[in-house]
Every structure is written in structure tokens, then in C-alpha cells.
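Okay, structure first, notes after.
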Amino acid sequence: MENHSNYFSEVRLRYAPSPTGYLHVGGARTALYNFLYARKHKGKFILRIEDTDQERSSMESLKMVLADMKWLGLNWDEGPNAETLEGMGSYGPYKQSERLKIYDEVAQDLLKRGLAYYCFMTDAEIDAQRQTQMADGAAHPHLESPYETMALADAQAKIKSGEKAVVRFKTRHLKKDYHLNDLIRGDVHFPSDMVGDFVLLRSDGMPVYNFCCVVDDYKMKISHVLRAEEHLSNSLRQLMIYEAMSWPTPQFGHVSLVLDDDRQKLSKRKGATSCNQFREEGYLPEALLNFVALLGWSHPEEKEILSLQEMIDSFSTDRLHSSGAVFDRVKLKWVNAQHLRAKAPVEMWGLIEPFLKANNISFPEDRPWKFQSLEVFKNYLEIVSDAVPFYKLLDDKYFEILSESAEVLGWPTSRAVVQEWQNAVKEFAGTAFTEDDFNKLQDAVKIKSQTKGKNLFMPMRVAVIGKPHGTELKILVPLMSKASLISRAQKVLDSMK
RNA sequence: GUCCCCUUCGUCUAGAGGCCUAGGACGGCUCCCUUUCACGGAGCAGACACGAGUUCGAAUCUCGUAGGGGACGCCA
């Protein structure tokens, strides 16, 4: 028996995703809380891959999850390297599929000590037994395996002869309450008859979640486990295994669930739920983390816009709370806008440019122009992809006169305004406009066309961007070329014939 | 069905027996700024699930009811 005094001498937390698709936002939140706790207490953050479900796990998914974690900036100290997938750290392997020997040893120990047994029941037999129990009105129908009492040697002989068996944990002799001192929920009690003999090892030798989770948390010296509430009832099984092995238990904290707007567990059918989708839609990783952190945790001073470092500094489990939280995409957008608008121009352009290129939008290759345009559009952007329609306005190949302009162009004075505008641009001596230049041009149009107010403004705006509402012309026009303005006005004139 | 967890404005939340006439944020509405839109600013509406108890005093403690969620797999 190992000496367990001071077993958790280091703060070690883990996030343990199963690689069955992109990282889910609920998973990102769980990962974040573990990450924050580890960083706050100068501990280690470990990424462990729970890939014992061979059916659903894939290498592709693993790479996607790792990429999402990296994108979010939730860097792990131990676990598979995001590029090479090789384990980093001294408690590996970090993929459960590579730890089969470890689980097997523990299972053998349990078998030898009579705390687990080989069970040869078929699905049909299990089903039939359940039916009978239900018919008898049993309060807690649980599996009663005839193999529970079979001598280990006999069972081993059966297996040698080619029969398949699972390893089950014995629960029927455990007649007592188990309790968990949860960091978030306080004392939680479970009656032992809540569960029946459960599977430790599948018939193909693969361990099952509740088993390998305990083995790994112990072997990897995980000191704190923050996980989703859906695992709360799993804790009983895990507690039983800890007890059977005389292993010290980590501190558990069960975080509430992230819900959809119908208060069900967040599901894909209602829109984006994976971090990757949000990335593609133009959300910032720091904004997504910030938002998701607030779903079940609050800053001590109720500050809402937080950097990762601020979250680390102010994180504590006693501000984690226990009821489910609805994922409000509208507020996420607002949080994202706050982070986005706070960016320096260079950084913001770096974010926007890929979206423009992906949408085949052309733009001048000079820095002052880029930053000037950012200054103009910044306050209109909530997510990065919002930039696309704005920059489209400036790209001649996308210029079109929108139907909402029809009314404005129908006004009796509009034709004169557009014509005078075009003339004024044509007569302009320079090639690039300043705000001041624009004001002068506008005054000229005003006088010559004998209009003012919206009769002047709106047709001019249509002549520039093809629609009567939008960004202020005096800041937009300096971003455009003389030739472009002339040809746009011409298109509008042509459309008015 | 059984067991476990949860319940403050539409949503995220603050709240640890008197500081609560319940505060903030998103969203909504009104107004201001603006010859449009957005940004920004000012304001308004909006919640302690219900019922008992404990207490001089309850959003806060206890019990019950209702509602919601989760788990009951050779998924995690």
C-alpha cells in the first residue's frame, strides 16, 4: 500500500475530453474553470484524452479538439502535444487507449480481492431479468448476476476456453450511504443502492469511463476535479472504486449545465455549439472564454469584460454557482464586440483581413488606408465577419443600387443632386479626398442642386454606396478613389432613366 | 418510475438574517448626441416559484409542494 499522506502536494487539474467531434462550448467552460484554478494556484493543467469509446473516437476529432483548445489559449502543461500528439509530462500516457495495462492491473487486483467479478451474462439475459424485476415492482431494480459468486479460477477457465466476459464491480454488499463534499454543492449524499453492479472492463478489455477516470485521476495525482453536473451521479460509482482501492479522493466540484434557450442541455440543432463554429463566424477566443466563464461564475466586483489574466487572478470556486445557465448568443455578441473594439488597429486588421480575402473582397494595400477604414467601421463591428459587408461597400465590383434606394431616387430633385455630385467629383483637382474636401464638394452640390437636408444627403449616399442609410459619407468618401466615385454616380444616373 | 441536483427581472447574475423600496449587465422601450445608421450618454419597464415554519426581523435558515434539469449503458 502506498503512503497517501500528502498525496496531493501539488495542485493538479485536468480537462478530459473524449475526441468525438469539435470542442463543445460547455466543454470549453469546464476546461476553462479547471485551467483558471490551476493557474491561480500555480498548479498544473493537464489534458487527458478519454478515447475508450473506440466507436466514436477518432484521430481527426482529437486533432480538432486540440486545435480548439489552442485557439482558446487554454494551454496545457501535460498531455498530448497539439502537433505531434506525443505525450508531454511525466504522468503519461495521456491517452486512455494507451493505458490499458494500467487499468487491467487495477481490475485484476479488484478481482483477486473479490471486489469485482467476471460476468458472462448476455444482453438478452440482462434484459429478461430487468423485465421480471419491473413486473415484480422492485423499488430499485438492479442486476443480480449469477456469476457474482463464481470462483475466480472457474471464471478464468471459462475465459481461457474462449468465452467473453465483462468485469463488474460488486455493489450489493455495500449497504451504506456515500457522501461527497462538493466544492459547489456542499455535502451530497448517495444511497449505495442507487446503482447495481457496474462494468469496469468491457468484454474486449476496454475500460469504462467511471473506472478509468478514477484510475487516471489517482495515478495522475489530480487534486481537484471540476466537471459538469451530469457527472454528479457518476460520483457514487467512483467513490466506491476509490474506497475499494483505499485511494485518496480529489476535491470534486460539479458545475451546472449550459442550457439552450428552451432550458434543455445545449444542442447542435439550435445553432452553433462548437468553439470551431464560433471561430469561423468571427468570434474572438478571449470573448468566448469571457462569456462562457460568466455562465456560472461571477467576478467578485461583478466586472463583466475580463481578460484571461483577470479571470485567473479573481477565480475562486466559491463564486461558482449551482444552477444551469442559458447560453445567450445575443450577450455573447455584445461581449465579443467589447473585446473586438478594444483591439489595436494592427491586430484588428490582422483579424479582419482573412475574412475579406475569403470573401474575395479587394482593398488597397496601404497601411494608412487600412487603419483609416478601421477607424470608420470599428463601431459597427460586433464580430469579425461583420466587416465583410462594410468592406464590400468599398469594392467597386460589388457596387449595386439596393431596392431600398428606389424611393429616394424617385424624389424630383434627386437626379440633379447625383449629377452635381458627379460633376463636383470630376472637377476635383486632387486624387485623394480629405474630410474637408468632401465638405467642400458637398457644399457645391448643395448650392448647384438647390437642395438641403435629407433631399441632399440621401441621394448622395445612394450615389456612393447604393443605399440611403449607412456610414457617414464624410468619413467614407476619403476611403474611395475619384474614379470609383464617378463610375458609381454614373451607374446611379443610368438607373434613373 | 427510482435516485440526485437546481429554482432572484425575458437572459446572465449580485445577494451568507436587518445595509433590499432587491443592485448590475445583455436585450426591450423613451429621450439626448447625430441632416441617416451605428457608437456614445441619460432614463423607464422588468424578478426573490408557491405554502408553511423558525425569528423582533427571511431573497437569505428548515420542512413541504410545484416546476425544471441530470443520472439510471459493454457512452463520456
Side-chain angles (χ1 to χ4, degrees), chain A residues 16-20 27 50-57 96 119 121 123 126 134 137-142 164-168 180 182 184-186 188-191 193-196 198-210 212-213 227-237 254 256-257 259 261-265 291 294-305 318-319 321-335 337-338 341 376-382 386 390 408 442 446 452-458 460-461 467-473:
Chain A
S18 54
T20 56
E50 310 220 325
D51 57 349
T52 57
D53 184 347
Q54 302 281 77
E55 295 277 303
R56 299 196 305 149
S57 300
Q96 292 185 327
C119 177
M121 284 178 86
D123 287 348
I126 293 169
M134 295 295 251
H140 307 286
H142 289 314
K164 291 281 182 201
V166 298
V167 174
R168 281 187 193 277
L180 180 69
D182 193 278
I184 300 164
R185 282 151 218 276
V188 181
H189 291 257
F190 308 98
D193 62 2
M194 222 172 116
V195 295
F198 55 92
V199 172
L200 260 22
L201 253 34
R202 299 176 238 233
S203 50
D204 63 359
M206 271 287 171
V208 144
Y209 167 74
N210 283 301
C212 42
C213 180
R227 47 150 77 132
E229 188 196 333
E230 58 197 280
H231 292 294
L232 188 55
S233 24
N234 281 325
S235 303
L236 173 59
R237 291 179 173 83
H254 288 90
S256 59
L257 259 22
L259 309 173
D261 44 20
D262 58 359
R263 296 215 143 257
Q264 308 277 61
K265 205 157 71 159
F291 172 71
L294 263 18
L295 258 30
W297 175 80
S298 58
H299 183 272
E301 282 108 51
E302 279 202 89
K303 221 181 142 191
E304 302 224 67
I305 301 302
D318 41 67
R319 297 199 67 84
H321 85 151
S322 47
S323 51
V326 173
F327 191 86
D328 180 357
R329 287 150 210 279
V330 177
K331 187 154 183 178
L332 167 60
K333 239 182 197 185
W334 176 79
V335 172
Q338 303 309 306
R341 288 176 194 150
V376 172
F377 294 138
K378 186 165 125 174
N379 289 334
Y380 292 84
L381 308 183
E382 289 191 293
D386 286 342
F390 287 108
V408 170
Q442 181 181 271
K446 185 176 177 177
K452 58 180 181 176
K454 67 177 188 178
N455 284 324
L456 169 67
F457 257 92
M458 292 194 163
M460 268 178 62
R461 188 173 283 111
K467 57 180 187 174
H469 298 282
T471 322
E472 262 186 290
L473 289 181

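Lettering of chains follows the sequences in order, A, B, ..., and the numbering in each one begins at 1. No experiment lies behind these values; they were computed from the predicted model shown.
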(Q) Can you see if the side chain of R56(A) gets near the phosphate of G73(B) - specifically, an N or O under 4.0 Å from OP1 or OP2? (A)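 So the side chain of R56(A) is outside the cut-off, no N or O lying under 4.0 Å from OP1 or OP2 of G73(B).
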Q: Ignoring backbone atoms, test whether H299(A) places a side-chain nitrogen or oxygen under 4.0 Å from the OP1 or OP2 oxygen of U13(B).
A: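 For U13(B), neither OP1 nor OP2 has a side-chain N or O of H299(A) closer than 4.0 Å.
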Pick base, sugar-phosphate or nothing for [X], based on heavy-atom distances below 4.0 Å to the nucleic acid.
X: S322(A); answer: sugar-phosphate
X: V195(A); answer: nothing
X: G296(A); answer: sugar-phosphate
X: V330(A); answer: sugar-phosphate

Measure from [atom1] on [X] to [atom2] on [N] and round the result to the nearest Å.
X: D53(A); N: C74(B); atom1: CG; atom2: C1'; value: 10 Å
X: K331(A); N: U13(B); atom1: NZ; atom2: P; value: 9 Å
X: N210(A); N: C72(B); atom1: CG; atom2: C1'; value: 12 Å
X: L295(A); N: A25(B); atom1: CG; atom2: P; value: 18 Å
X: R319(A); N: G24(B); atom1: CZ; atom2: P; value: 17 Å
X: H142(A); N: C72(B); atom1: NE2; atom2: C1'; value: 8 Å
X: I126(A); N: G73(B); atom1: CD1; atom2: C1'; value: 10 Å
X: F327(A); N: G27(B); atom1: CZ; atom2: P; value: 16 Å

Partner nucleotide, any strand, of [N] [Watson-Crick/G-U, under 3.5 Å]:
N: G64(B); answer: C50(B)
N: C20(B); answer: none
N: C33(B); answer: none
N: C26(B); answer: G10(B)
N: U2(B); answer: A71(B)

Roughly how far apart, to the nearest Å, are [N] and [M] at atom [atom1]?
N: A47(B); M: G41(B); atom1: C1'; result: 27 Å
N: C5(B); M: U62(B); atom1: P; result: 13 Å
N: U2(B); M: G23(B); atom1: P; result: 41 Å
N: C4(B); M: A16(B); atom1: P; result: 29 Å
N: A22(B); M: A59(B); atom1: C1'; result: 8 Å
N: C61(B); M: G67(B); atom1: C1'; result: 22 Å
N: G24(B); M: U36(B); atom1: C1'; result: 33 Å
N: C31(B); M: C9(B); atom1: C1'; result: 23 Å

Side chain of [X], heavy atoms from C-beta onward: which of [options] has the nearest atom to it?
X: S323(A); options: U13(B), A76(B), C6(B); result: C6(B)
X: D328(A); options: U7(B), C74(B), C26(B); result: C26(B)
X: A325(A); options: U13(B), G24(B), A76(B); result: U13(B)
X: E304(A); options: G24(B), A76(B), C6(B); result: G24(B)

Q) Does any non-hydrogen side-chain atom of M206(A) lie less than 4.5 Å from one of L201(A)? A)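 Counting from C-beta outward, L201(A) and M206(A) never come under 4.5 Å.
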Quick one: does any side-chain atom of [X] pair with a main-chain N or O of [Y] as donor and acceptor, under 3.5 Å?
X: S256(A); Y: S322(A); answer: no
X: R237(A); Y: V195(A); answer: no
X: D51(A); Y: Q96(A); answer: yes
X: R319(A); Y: S298(A); answer: yes
X: H231(A); Y: H254(A); answer: no
X: S235(A); Y: L232(A); answer: yes

(Q) Would you call the rings of Y380(A) and F390(A) parallel, tilted or perpendicular, taking 30° and 60° as the class edges? (A)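 The arrangement is tilted - the two ring planes meet at 30° to 60°.
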Q.
Can you work out whether K164(A) or W297(A) has the more 5'-proximal nearest nucleotide on RNA chain B?
A.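 Counting from the 5' end, the first nearest nucleotide belongs to W297(A).
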Q) Taking the nucleotide of RNA chain B with the closest heavy atom to each, which residue, F291(A) or S203(A), is nearer the 5' end? A)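 Here F291(A) is the residue nearer the 5' end.
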Q: Look at the side chain of S256(A) and the base of C6(B), then say whether one donor and one acceptor between them are separated by less than 3.5 Å.
A: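 There is none.
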Q: For the pair K331(A) and F291(A), evaluate side-chain contact (heavy atoms from CB on, under 4.5 Å) and give the outcome as yes or no after the intermediate values.
A: CA-CA 8 Å; K331(A) 187 154 183 178; F291(A) 172 71; 4.0 Å; yes
Q: Do nucleotides 32-42 of chain B as a string where each nucleotide becomes B, S or -: B if the base has a protein heavy atom under 4.0 Å, S if just the sugar-phosphate does, - if no protein is that close.
A: ---BBBSS---
Q) Could you write nucleotides 65-71 of chain B as a row of B, S and -, 5' to 3', where a protein heavy atom under 4.0 Å of any base atom gives B, of only sugar-phosphate atoms gives S, and otherwise -? A) ----BSS
Q. Looking at CZ of R227(A) and CD1 of I184(A), how far apart are the two atoms once the value is rounded to the nearest 0.5 Å?
A.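 If I round to the nearest 0.5 Å, the distance is 11.0 Å.
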Q: Enter the distance from R341(A):CZ to K378(A):NZ here, rounded to the nearest 0.5 Å.
A: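 These two atoms lie 9.5 Å from each other.
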Q: List the steps and the verdict of ring-ring contact (aromatic ring centres under 6.0 Å, His included) for H469(A) and F457(A).
A: CA-CA 10 Å; H469(A) 298 282; F457(A) 257 92; over 10 Å; no
